[in-house]
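Lettering follows sequence order; numbering is per chain, from 1. All figures in this text were calculated on a predicted structure; none of them were measured in a lab.
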Amino acid sequence: MPELPEVETTRRGIEPLLRGRQVEAVRVHDRRLRWPVSPRLARELAGHSIVAVERRGKYLLLRSPGGTLILHLGMSGSLRVCDAGAPRGPHDHLELLLAGGRALRLRDPRRFGAAIWTTADPLRHPRLRDLGPEPLDPAAFDPAWLYRRTRGRRTPVKTAIMDARIVVGVGNIYASESLHLAGIRPSTPAGRLSRPRCARLVDAIREVLEAAIAAGGTTLRDFSDAAGRPGYFARSLRVYGRGGEPCPACGGPVRRTLIAQRATYHCPGCQR
DNA sequence: CGAACCTCCTGCGGGC
DNA sequence: TGCCCGCAGGAGGTTC
């Protein structure tokens, strides 16, 4: 489910409620996430306060003096801050009980998400250390980088921009959206992109992600922010999920294809 | 190294 | 109404 805009929307929602707040206890209701939740988490986080809520790619980092909780929402995860006594759903697997009677809950029906506890530098954790640049940081993600990292690669450009070692945060929705905005066909071999087209694509990715964050993310089915509200970017989607509908730019029909087994949407008229 | 493919898991909507 | 199938926003792991 969540790509960078949804994760950032979540981060912005939970940060003011978590920062400076003590975690009184940790409840693990089901440790069977992508990797089993470490038993050390409850022992070593309880009693500490959250000092920062950061994001790296699609990962959230909850820092405390005792260590860092690294969260990933997978396909179906969401975080919610609620009253500690509010009824718990069957997929609320992890719960941080906060001072003041509230709780942060991780809900994840498919359990593709992760909750990783580390007392070391989280940015050097194997899950994070090889991540590429943040797309919203112009100093980190720029046309020269994209150009260099795609040379010699025959993989479709859509697959390349979904590769977190090239750039983080772009998932299946925003890959199609960015390529449409940039006028680039998703199946184009990444290594054949010219420098100017790399520049257009970098701009498009940034523009799409920023607009999506401003709208609170995309809710297709079940994404909701920390307060349980949906995101409103779905109505701004230009091609994703719109196979057969008219392209907003030229009016021609949007085509649905399959790239690397993932649904892909583009306008054959606008994208070359 | 790159590329193709498979995998984890639950829920939902469509077709019959 | 019920059942079966395909599909879903991610990404790690294996194999060649």
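Under the 3.5 Å distance criterion, the side-chain polar atoms of A:Gln22 are matched with a main-chain donor or acceptor of A:Gly47. Although no hydrogens or angles enter the test, the distance criterion places a donor-acceptor pair under 3.5 Å between the side chain of A:Arg151 and the main chain of A:Gly191. Of the possible polar contacts, one joining the A:Arg272 side chain to the A:Pro268 backbone as a donor-acceptor pair under 3.5 Å is found. A donor-acceptor distance shorter than 3.5 angstrom exists from the side chain of A:Asp225 to the backbone of A:Gly228, with no hydrogens or angles considered. Side-chain N or O atoms of A:Thr118 include none that pairs as donor or acceptor with a backbone N or O of A:Pro122 at under 3.5 Å. The main-chain N or O of A:Gly66 is found under 3.5 Å from a side-chain atom of A:Ser64 such that the two form a donor-acceptor pair. One N or O on the side chain of A:Glu6 and one on the backbone of A:Thr218 form a donor-acceptor pair closer than 3.5 Å.
Side-chain N/O atoms of A:Tyr240 include one lying less than 4.0 angstrom from OP1 or OP2 on C:dG9. A:His72 has a side-chain polar atom (N or O) that falls below the 4.0 Å cut-off from OP1 or OP2 of C:dA11.
What separates CG of A:Asp163 from P of C:dA11 is a distance of 10 Å, to the nearest Å. What separates CG of A:Leu258 from P of C:dG6 is a distance of 13 Å, to the nearest Å. Following rounding to the nearest Å, A:Leu237 (CG) and C:dG9 (C1') show an atom-to-atom distance of 11 Å. Taking atom CZ of residue A:Arg129 and atom C1' of nucleotide C:dA11, one finds them 16 Å apart after rounding to whole Å. Distance, A:Ile70 CD1 to C:dG12 P: 12 Å, rounded to whole Å. In this structure, the CG atom of A:Leu220 is 16 Å from the P atom of C:dC7, given to the nearest Å. Rounded to whole Å, atom P of C:dC7 lies 13 Å from atom CZ of A:Arg221. With rounding to whole Å, A:Arg34 atom CZ is found 12 Å from C:dG10 atom P.
Using a 4.0 Å heavy-atom criterion, one finds that A:Tyr59 contacts the sugar-phosphate atoms exclusively. Within 4.0 Å (heavy atoms only), A:Ala164 reaches no atom of the nucleic acid at all. Using a 4.0 Å heavy-atom distance criterion, A:Arg165 is classed as making no nucleic acid contact. Within 4.0 Å of A:Arg153, counting heavy atoms only, lie sugar-phosphate atoms of the nucleic acid but no base atom.
In terms of position along DNA chain B, the nucleotide closest to A:Arg149 lies nearer the 5' end than the nucleotide closest to the other residue of the pair A:Arg149 and A:Gln261.
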Any protein N or O atoms within reach of nucleotides 14-16 of chain C? Criterion: under 3.5 Å, listing atom names and distances.
none

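Using a cutoff of 4.0 Å between basic side-chain nitrogens and carboxylate oxygens, A:Asp92 and A:Arg107 are scored as salt-bridged. Between A:Asp108 and A:Arg34 there is no salt bridge, since none of the side-chain N atoms of the basic residue sits less than 4.0 Å from a carboxylate O of the acidic one. Salt bridge A:Arg11/A:Glu54: absent, no basic N to carboxylate O contact under 4.0 Å.
Relative to the side chain of A:Arg262, the nucleotides C:dG10, C:dA8, C:dG13 differ in distance, and C:dG10 lies closest.
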Evaluation steps, side chain to side chain contact (heavy atoms under 4.5 Å, CB included), between A:Val7 and A:Thr9
CA-CA 5 Å; A:Val7 177; A:Thr9 295; over 6 Å; no

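Base pairing analysis places B:dC9 opposite nothing; no Watson-Crick or G-U wobble pair with both distances below 3.5 Å involves it. C:dG9 is unpaired under the Watson-Crick or G-U wobble criterion, no partner having all donor-acceptor distances under 3.5 Å.
No chain of hydrophobic side-chain contacts below 4.5 Å, direct or via other Ile, Leu, Val, Met, Phe, Trp or Tyr residues, connects A:Val26 to A:Leu61.
In the 5' to 3' direction, nucleotides of DNA chain B lying under 4.0 Å from heavy atoms of chain A begin and end at B:dA3 to B:dG11.
Using atom C1' as the reference point in both B:dA4 and C:dG9, the two lie 22 Å apart (nearest Å).
Using a 4.0 Å cutoff on non-hydrogen atoms, the parts of residues 108-126 of chain A near DNA chain C are A:Arg110, A:Phe112, ordered by number.
One side chain, A:His29 or A:Glu95, offers a donor N or O that lies under 3.5 Å from an acceptor on the other.
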